[in-house]
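Per chain, numbering begins at 1; letters A, B, ... match sequence-line order. This is a predicted model, so every value here is computed, not measured.
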Amino acid sequence: MSKTLVIVESPAKAKTIEKYLGKGYAVESSIGHIRDLPRSAADIPEKYKGKAWARLGLDIEDGFKPLYVVSPEKRQHVARLKKLAADADEIILATDDDREGESIAWHLYQELKPKVPVKRMVFHEITKDAIQQAITHPREIDTNLVEAQEARRALDRLYGYEVSPVLWKKVAPKLSAGRVQSVATRMLVERERERMRFVSATWWDLLATAQTAGQVTFPARLTDVAGQRLATGKDFDPLTGKIKGGTEVRLLTEAEARSLAEGLTGEPLTVTSAEEKPFTQRPYAPFITSTLQQEGSRKLGFAATRTMRAAQRLYEQGYITYMRTDSTNLSQEAINAARTQVKAMYGGDYLSPQPRVYAKKAKNAQEAHEAIRPAGSSFRTPDSLRGELSGDEWRLYDLIWKRTVACQMADARGRSLRVRLAGQAKTGGTVGLSASGRTIDFPGFLRAYVEGSDDPAAALEDRETPLPPLKEGERVTAEAVKPEGHETQPPARYTEASLVQALEGAGIGRPSTYASILGTIQDRGYAIKKGQALVPTWTAFATSALLEHHFGRLVDYDFTARMEEDLDDIAGGRAQRVPYLRRFYLGEDGEGMALRPLIDSKMGEIDARGIATIYVPKLDGTGIEVRVGRYGPYMQRGEDKANLPEDLVPDELTSEKANEIMSRPTGDRVIGVDESTGHPVVARAGRYGPYVTLGDGNPPIRSASLFPGDELNTLTLERAMRLLSLPRLVGVSEGEEVWAQNGKFGPYLKRGNDSRSLSTHEQLFTVTLPEAEALFMQPRFRAKGAAAPPLKSFEYEGRAPIVLKSGRFGPYLTDGERNATLRKGEEEGNLSAERALEILEERGKVPQKKPGQKSGRKAAAGTAKAGSKAPTKKAAGRTTTGTATKKAAPSKKVPVKKAVGQAPAVAKTALTWADLKPHLGVLSDQERALVTATRDQGRKVEDVAPGLGLDVKKAKGMALQANKKLNQAARGG
DNA sequence: CAGTGAGCGAGCTTCCGCTTGACTT
């Protein structure tokens, strides 16, 4: 009997379809994409390891040809599919009918290399009819659509993997940029900037309780005084807190409001107009991923991931249709099921006369699936599932069921009423008030579903604000009148749900990625959650400013929308992938994004310090600047610095707050008092890290660094005293005292002029004299070749042995020639001789001796830190061939060229002032002034310091540091 | 610039979109 292999994307879908297809068909799933560009060096196959473009996974010079690899976790599954494919007589690729789905089908075809006929089939709903229809109408793989997907993939890779390193250099390591996340971050930042600029304003009005002759009361609000309209929130300019120019409104002070309230109490009011208007309201469209996440958040308080997790389980168990969709479309089966249920549960009156069809709503929707709805041709009611589903799942199902059923229900009908009243205060002056009400005559779909509310019945009542029947000319009494003060509010921060909504509105991101976008921007430290609100961090401000100023077009809100248009052209055969990517990445005749040349020019141009400085409007005139530094955000005024508290969100940083933080004693915390001396013990954060001092003076009586496990905030007095007890006299050996002390390289023992490192800090307290003496017996540091005992040794025939050693960066292999660090997962314990050889052959590197000695990438990277011009040249070289880069780069760089030309020995000797001088740029203004005065003019630090406003001791320290920096820069480090 | 004794194999970080387990808590 012949066997057809059908491959879909999801296992749950495979199971369902298999039922509909019956004998002769085996249905399997790809479980999403099966191949992708290599993520990192570990994913790059041996063959391509050395290629300059391997890091990107795109061979730019060969038409941006992608390098696809089956990821390790998919290998087993793909092997299984291959085997099944080999046994089948025919293969049908039945992945989603959209860009990504087409691509998955193509990748399956490429990877499985079937020798039997292959067909492509698509369907938009999983019903027996639809599937059987689809299987009799197969088509070919649409290569244009596949090209469009490859263009999308390449663009995202180029954007992400080329722009992120700019951030590593200019802001902080491990940051990331991307088409989606960078725009999402920008949205948060721009909203926060609005909040930071916002100036609030106060306005007053009156709330009267009016009473009719029949003793019915209703609320009415003051709208005008003496014929002039009263100011409300929207009349104020959010930037100044003042009434917008050209607006003729009356602004009441609190005193005026109080006096007016008093004057109006008990006075008669006349109804000047009473308008009644009928209204109807249509039900909402059925759920798509974004609206499900929004309502999950609003009604159930679920984060996006929680909603999706529950939806996934409902889908897998066959309770709902697919949960990652951007289509509001319902199948005929679903419409029938919903209508049947409406009729049965609410009666025919509640049924929409015609079946409702919802049009495409989302920008760039791909519409491969149905809307999210209860599965099947007759919906299970939530009540019938009570025992069957767990908490989250049941509540989400209930929501989906209600929304689906409601969408086939009748419109809600009602009347809105608006009443205007006039009166006169005792104190004189006419006033106008207004009251509005809403009455629902027929709730229609509201019986089942009210957006944003968990309980339709209660929400229905809220939606009604009835007014008594009032006629023009009728008189009522202002029973009680209350003055009310209002404050204008800054625009609200985004929540997870509203950010997803905003992204979707701009066509950015896809249903399958909404939840993970939120994860990414939080993982990278661009946003934190404060309650429901997403608050951008200072790092987000710095990153966003860099991208906006230097890569503005990449973070345009319509960048994705334009990309989608171009991809549609490629999919439609009107444009080609390669020219499109060329324009984006390389630029052509001055046209296109030209990302690579742009980055090359920007690497040198972007001022990291400037980018790290964040503009805070409320600090104008205070002289205080906010910066993002290596150790987090801080404020600076002149030489004074203060860390920004972690819990301080950007819009709460006012000038008062900033001044208060700046004037705080630099984070010092008095832990207690030393009983024996009576001196205070203080915990401090210094430039070498956290430390404690005995005495609060400057200089302190004694100081000691905290150990790695210690926390500044939780350090006890007892622990502090123990730390301060160092250095410890261990004993006397060979006529010299042996001291255990903590130093800049960690804990060590000192005996005369000799020293030995200790392996743990705690040993400072525990090491005994015999142990110390044993340590001093060993050589101080190893001569080259006479290495530490290897952890393991592998022997080979016809080649030098390979040994496993433990080094600074963890375990590594070496054969004396080349070295290779072990990677994650390469267990040193069960390393075989074969594997060791493989690793060394694969990526063994000749150790780098001196800066500049190795050519190409390494040397260029070394100088990138020293000078601002070098990176530009390095980057420019990259667009040419790999070999050209290697030859060209070092010869172009002045400082390194020198290091190369001179022998290694020279690099060790002291550099002359002439060598150092070109690197003055790495110093601060003050350091530079100090160094030039001493070196160029031969003046003494003691004489120069007062002119620079420094005390002599500080200046000497600074001069030392400055010389260190200069030497480092001159040596290309 | 709180004070502190050398010197030593680097290599990796990152994108978006399609999907589920296999892990642990």
Sole residue of A:Glu150, A:Glu111, A:Arg153 in side chain to side chain donor-acceptor pair (under 3.5 Å) with A:Tyr68: A:Glu150
Please give, in whole Å, the distance from B:dT13 P to A:Trp168 CH2? 7 Å
Mind checking if A:Tyr514 touches a base, just sugar-phosphate, or nothing, with heavy atoms under 4.0 Å? nothing
Name the residue closer to the 5' end of DNA chain B, choosing between A:Leu158 and A:Leu813 according to the nucleotide with the nearest heavy atom. A:Leu813
With the side chain of A:Ala41 defined as its heavy atoms from C-beta on, choose the nearest nucleotide among B:dC12, B:dC15, B:dT20. B:dC12
d(CD, A:Gln763; P, B:dG5) in whole Å: 20 Å
Using a cut-off of 4.0 Å on non-hydrogen atoms, how would the nucleic acid contact of A:Thr693 be classed: base, sugar-phosphate, or nothing? nothing
Lys/Arg-Asp/Glu bridge criterion (N-O < 4.0 Å) met for A:Arg80, A:Glu28: yes
Describe the nucleic acid contact of A:Tyr159 in one word from base, sugar-phosphate, nothing, applying a heavy-atom distance below 4.0 Å. nothing
A:Tyr161 on top of B:dC15's base, within under 5.5 Å and under 30°? no
Considering only side-chain heavy atoms of A:Lys174, which listed nucleotide, B:dC16, B:dT13, B:dA2, is closest? B:dT13
Mind calculating the distance between NE2 (A:His77) and P (B:dT19) to the nearest angstrom? 13 Å
Using a 4.0 Å heavy-atom cut-off across all strands, classify A:Leu175 as base, sugar-phosphate, or nothing. sugar-phosphate
For A:Glu28 and B:dT19, give me the distance from atom CD to atom C1', rounded to whole Å. 14 Å
Closest approach to the side chain of A:Ser164, judged atom by atom: which nucleotide of B:dT20, B:dC15, B:dG5 is it? B:dC15
Under a 4.5 Å cut-off applied to non-hydrogen side-chain atoms, are A:Leu546 and A:Val166 in contact? yes
Which nucleotide in the list B:dC15, B:dG17, B:dC18 gets nearest to the side chain of A:Thr520? B:dC15
Looking at A:Ser705 and B:dG3, is any side-chain donor or acceptor paired with a base atom of the opposite kind under 3.5 Å? yes
Which part of the nucleic acid, if any, lies within reach of A:Arg702 when heavy atoms closer than 4.0 Å are counted: base, sugar-phosphate only, or nothing? nothing
Which of the following nucleotides, B:dT4, B:dT20, B:dC15, is nearest to the side chain of A:Tyr748? B:dT4
Candidates B:dT20, B:dC15, B:dA2 - which lies nearest the side chain of A:Glu316: B:dT20
Hey, what's the ring geometry for A:His761 with A:Phe707, parallel, tilted or perpendicular (30° and 60° as the breaks)? tilted
Identify whether a stacking contact exists between A:Tyr691 and B:dG3, where the ring centres must be under 5.5 Å apart and the planes under 30° apart. no
Separation of A:Arg75 atom CZ from B:dT19 atom C1', in whole Å? 18 Å
Dot-bracket for DNA chain B, 5' to 3', Watson-Crick and G-U pairs with both distances under 3.5 Å, [ ] for crossing pairs, | for partner on another strand, reads .........................
If you check the A:Asp98 side chain, which of B:dT20, B:dC18, B:dT14 turns out closest? B:dC18
A:Phe584 side chain near A:Asp566 side chain, heavy-atom distance below 4.5 Å: no
Derivation of the side chain to side chain contact (heavy atoms under 4.5 Å, CB included) call for A:Leu175 and A:Thr543: CA-CA 9 Å; A:Leu175 293 180; A:Thr543 303; 3.9 Å; yes
OP1 or OP2 of B:dG17 under 4.0 Å from side-chain N/O of A:Arg153: no
For B:dG17, does OP1 or OP2 lie under 4.0 Å from any side-chain N or O of A:Gln149? no
Base, sugar-phosphate, or nothing: which does A:Glu73 touch, judged by heavy atoms less than 4.0 Å apart? nothing
Verify the contact: side-chain N or O of A:Arg751 to OP1 or OP2 of B:dG5, cut-off strictly under 4.0 Å; return yes or no. no
Under 3.5 Å, is there any donor-acceptor pair linking the side chain of A:Arg152 to the base of B:dC16? yes
Out of B:dT20, B:dC15, B:dG3, whichever nucleotide has its closest atom nearest the side chain of A:Arg324: B:dT20
Atom pair distance, as rounded to whole Å: CG in A:Leu595 and P in B:dC15: 15 Å
Checking all strands, does A:Asp36 fall into the base, sugar-phosphate, or nothing category for heavy-atom contacts under 4.0 angstrom? base
Using a 4.0 Å heavy-atom cut-off across all strands, classify A:Gln741 as base, sugar-phosphate, or nothing. nothing
So do the side chains of A:Arg99 and A:Glu564 get within less than 4.5 Å of each other, counting heavy atoms only? yes
Does A:Arg55 pair with A:Glu162 as a salt bridge, N-O distance under 4.0 Å? yes
Between A:Pro38 and A:Leu758, name the one whose nearest nucleotide on DNA chain B is closer to the 5' end. A:Leu758
May I ask you to test the A:Thr289-A:Met323 pair for a side-chain heavy-atom distance under 4.5 Å? no
Whole-Å distance separating the CG atom of A:Leu749 from the P atom of B:dA6: 15 Å
Candidate nucleotides B:dA6, B:dT19, B:dC15, ranked by approach to the side chain of A:Ser757 - the nearest: B:dA6
Which whole-number value in Å describes the distance from A:Ile104 CD1 to B:dT20 C1'? 13 Å
How far does the C1' atom of B:dA6 sit from the matching atom of B:dA2, given to the nearest Å? 22 Å
Determine the contact category for A:Gly509: base if any of its heavy atoms lies under 4.0 Å from a base atom, sugar-phosphate if only primed atoms, P, OP1 or OP2 are that close, otherwise nothing. sugar-phosphate
Stepwise, does the salt bridge (charged side-chain N to carboxylate O under 4.0 Å, His left out) test hold for A:Arg751 with A:Glu736? CA-CA 6 Å; A:Arg751 182 175 68 184; A:Glu736 301 238 43; over 6 Å; no
Counting N and O atoms only, with roles assigned by atom type, does the side chain of A:Lys74 sit under 3.5 Å from a partner on the main chain of A:His33, one being a donor and the other an acceptor? yes
Between A:Ser512 and B:dC18, does any side-chain N or O lie under 4.0 Å from OP1 or OP2? yes
Classify A:Ala177 by what it touches in the nucleic acid, base, sugar-phosphate, or nothing, heavy-atom distance under 4.0 Å. sugar-phosphate
Just to be sure I understand the rule, does A:Arg510 reach a base, reach only the sugar-phosphate, or reach nothing, if contact means heavy atoms closer than 4.0 Å? sugar-phosphate
Is A:Ser176 near enough to B:dC15 that one of its side-chain N or O atoms lies under 4.0 angstrom from OP1 or OP2? yes
Classify A:Gly178 by what it touches in the nucleic acid, base, sugar-phosphate, or nothing, heavy-atom distance under 4.0 Å. sugar-phosphate
